[in-house]
Trainee: 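The structure that follows is given in the form of structure tokens.
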Amino acid sequence: MKHYFVSAAIIQVNDEILCFQRGSSKFEYVSEKYEFPGGKIEEGETPEIALVREIKEELNVDIFGLEFFQTVDHQYPDFKITMHAFKCFASNLEEIQLNEHLNFLQLSLSKLLSLDWAAADVPFVEKLITESNG
């Protein structure tokens, strides 16, 4: 079974979070689900460097102020994933291009659970909400 190591961006805009809808996939359990954008960590990259590169490729925006948030290990039916999430900000949101996603929403923390999230992203959503209520 393949094991992927990835980074994900929790992009903050004021008191809200950007949520991205994945495109169609051969794996129904992640197809068109919401996620925090990011991608695979290539050999020789740190999770942070990989995330800056992936967000530029996927969304055409620059992120900054990366702050480690949480690591999640999740096993889907066909692959395993270790995902490192970072809270961050984007400097040029007016230039977002959805190169791999169908849609994106900017939501308050209280509305995050209204979306159909990819299973590996759910722990990040839960922690964001718990911390905001803390």
Side-chain angles (χ1 to χ4, degrees):
M1 180 175 288
K2 287 239 183 221
H3 188 167
Y4 298 103
F5 295 87
V6 300
S7 291
I10 300 170
I11 302 172
Q12 303 171 93
V13 180
N14 301 318
D15 292 334
E16 297 180 319
I17 303 291
L18 296 184
C19 312
F20 291 82
Q21 187 177 22
R22 295 173 60 97
S24 295
S25 170
K26 66 180 179 179
F27 301 120
E28 170 273 326
Y29 49 84
V30 293
S31 185
E32 299 184 17
K33 303 278 187 182
Y34 277 84
E35 68 173 0
F36 295 109
K40 293 178 194 158
I41 301 168
E42 302 293 342
E43 191 170 327
E45 286 184 323
T46 64
E48 295 89 344
I49 288 172
L51 190 55
V52 169
R53 175 185 52 75
E54 285 282 349
I55 296 303
K56 186 69 172 177
E57 290 172 5
E58 289 184 9
L59 305 174
N60 193 44
V61 297
D62 298 308
I63 55 172
F64 64 95
L66 278 69
E67 175 189 331
F68 176 75
F69 184 64
Q70 183 181 18
T71 297
V72 166
D73 289 302
H74 185 80
Q75 185 165 330
Y76 285 109
D78 299 282
F79 60 94
K80 294 180 193 175
I81 187 171
T82 296
M83 186 162 36
H84 308 288
F86 296 84
K87 285 183 172 180
C88 60
F89 303 94
S91 60
N92 51 339
L93 288 174
E94 66 281 353
E95 296 176 28
I96 283 183
Q97 294 175 353
L98 298 179
N99 296 322
E100 296 186 19
H101 294 87
L102 298 176
N103 187 29
F104 78 97
L105 299 170
Q106 183 175 319
L107 296 177
S108 64
L109 292 172
S110 65
K111 295 201 166 106
L112 292 180
L113 286 176
S114 68
L115 300 179
D116 186 13
W117 289 92
D121 289 78
V122 169
F124 302 137
V125 172
E126 291 172 343
K127 183 177 179 185
L128 284 165
I129 292 167
T130 300
E131 286 185 353
S132 74
N133 294 333

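Values below: all heavy atoms of this structure, side chains included; hydrogens, waters and symmetry mates excluded.
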Trainee: Donor-acceptor check, side chain of E16 to backbone of V13, threshold 3.5 angstrom: yes or no?
Mentor: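 No, the answer is negative, given that no donor and acceptor are paired below the 3.5 Å cut-off.
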Trainee: Examine I49 and F68 and state if one hydrophobic cluster contains both, with Ile, Leu, Val, Met, Phe, Trp and Tyr joined whenever side-chain heavy atoms are less than 4.5 Å apart.
Mentor: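 I49 does not cluster with F68.
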Trainee: Just do the side-chain contact (heavy atoms from CB on, under 4.5 Å) check on E94 and N92 with the steps written out, would you?
Mentor: CA-CA 5 Å; E94 66 281 353; N92 51 339; 4.0 Å; yes
Trainee: Does the side-chain contact (heavy atoms from CB on, under 4.5 Å) test come out yes or no for K80 and D73, once each step is laid out?
Mentor: CA-CA 7 Å; K80 294 180 193 175; D73 289 302; over 6 Å; no
Trainee: Taking the six-membered ring for Trp and the full ring for Phe, Tyr or His, determine whether the centres of F27 and Y76 are under 6.0 Å apart.
Mentor: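 F27 vs Y76: aromatic centres not under 6.0 Å.
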Trainee: Could you check if a side-chain atom of L109 sits within less than 4.5 angstrom of a side-chain atom of K111, using non-hydrogen atoms only?
Mentor: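 Counting from C-beta outward, L109 and K111 never come under 4.5 Å.
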Trainee: For K56, I'd like to know if atom NZ has over 12 heavy atoms of other residues, nucleotides or ligands within 6.0 Å.
Mentor: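 Yes - once you tally the heavy atoms of other residues, nucleotides and ligands closer than 6.0 Å, there are more than 12.
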Trainee: Count I, L, V, M, F, W, Y as connected when their side-chain heavy atoms are under 4.5 Å apart, and connections chain through other members. Are I63 and V6 then in the same cluster?
Mentor: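 In one cluster with I63: V6, no.
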Trainee: Can you name the nearest heavy-atom pair linking A50 to E45, along with the distance?
Mentor: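 Minimum heavy-atom separation between A50 and E45: CB-OE1, 3.2 Å.
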Trainee: Nearest 0.5 Å, please: how far is CG in L51 from OG1 in T46?
Mentor: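 Going from OG1 on T46 over to CG on L51, the span is 9.5 Å.
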Trainee: If I take atom SG from residue C19 and atom CG from residue L107, how far apart are they, to the nearest 0.5 angstrom?
Mentor: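 So the gap between those two atoms works out to 4.5 Å.
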Trainee: Please confirm whether the backbone N or O of F124 pairs with a side-chain atom of W117, one donor and one acceptor, at under 3.5 Å?
Mentor: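 Pair absent, no side-chain N/O of W117 close to backbone of F124.
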Trainee: Say whether, by atom type as modelled, one donor and one acceptor occur between the side chain of S25 and the main chain of S31 under 3.5 angstrom.
Mentor: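 A pair under 3.5 Å: no.
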Trainee: Do V72 and I17 land in one hydrophobic cluster if side-chain heavy atoms of ILVMFWY residues count as linked below 4.5 Å?
Mentor: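 Linked within one cluster.
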Trainee: Are I96 and L93 close enough that some pair of their side-chain heavy atoms sits under 4.5 Å apart?
Mentor: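 Side-chain contact under 4.5 Å: yes.
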Trainee: Same cluster or not: L102 versus L105, using hydrophobic residues (I, L, V, M, F, W, Y) connected whenever any side-chain heavy atoms lie under 4.5 Å apart?
Mentor: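 L102 and L105: separate clusters.
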Trainee: Work out which heavy atom in P123 is nearest to a heavy atom in A119; give both atom names and the distance.
Mentor: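 Heavy atoms only, the tightest pair is CD-O, 3.5 Å.
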Trainee: Do F36 and I129 sit in the same hydrophobic cluster, where Ile, Leu, Val, Met, Phe, Trp and Tyr count as joined when their side-chain heavy atoms come under 4.5 Å apart?
Mentor: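 Yes; I129 is reachable from F36 via cluster members.
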Trainee: Answer whether the closest heavy-atom distance between the side chains of E32 and D116 falls below 4.5 Å.
Mentor: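 Result no, sub-4.5 Å side-chain heavy-atom pair not found.
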Trainee: Hey, what do you get for NZ (K40) to CZ (R53), rounding to the nearest 0.5 Å?
Mentor: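 Spacing of NZ (K40) from CZ (R53) equals 10.5 Å.
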Trainee: Judged by atom type as modelled, is there a donor-acceptor pair below 3.5 Å linking the side chain of R22 to the main-chain atoms of E35?
Mentor: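 Side chain of R22 to backbone of E35: no pair is present.
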Trainee: Drop me the distance from L59's CG to L98's CG, to the nearest 0.5 angstrom.
Mentor: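 Rounded to the nearest 0.5 Å, the CG-CG separation comes to 7.0 Å.
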Trainee: What about F69 and F86, are their ring centers closer than 6.0 Å?
Mentor: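 Ring centres of F86 and F69 not closer than 6.0 Å.
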Trainee: With rounding to the nearest 0.5 angstrom, report the NE2 to CG distance, H101 to L18.
Mentor: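 Taking NE2 in H101 and CG in L18, the distance rounds to 11.0 Å.
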Trainee: Is it the case that the side chains of H84 and S7 hold a donor-acceptor pair, with the cut-off being a distance below 3.5 Å and no angle test?
Mentor: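 No donor-acceptor contact under 3.5 Å links the two side chains.
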Trainee: Identify the two heavy atoms, one from A90 and one from F64, that lie closest to each other, and give their separation to 0.1 Å.
Mentor: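 That would be C-CE2, 3.7 Å.
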Trainee: Are D15 and S108 packed together at the side-chain level, in the sense that at least one heavy-atom pair is separated by less than 4.5 angstrom?
Mentor: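 No, too far: nothing below the 4.5 Å cut-off.
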Trainee: What is the distance from atom CG of N99 to atom CD of E57, rounded to the nearest 0.5 Å?
Mentor: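 So the gap between those two atoms works out to 9.5 Å.
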Trainee: Looking only at heavy atoms, what is the nearest atom pair of I10 and A85, with distance?
Mentor: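 Result for this residue pair: CD1-CB, 4.0 Å.
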Trainee: Is there side-chain contact between H74 and M83, with at least one heavy-atom pair below 4.5 Å?
Mentor: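 No - every pair of side-chain heavy atoms lies 4.5 Å or more apart.
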Trainee: Side chains of Y34 and D121, heavy atoms from C-beta outward: is any pair under 4.5 Å?
Mentor: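 No, their side chains stay 4.5 Å or more apart.
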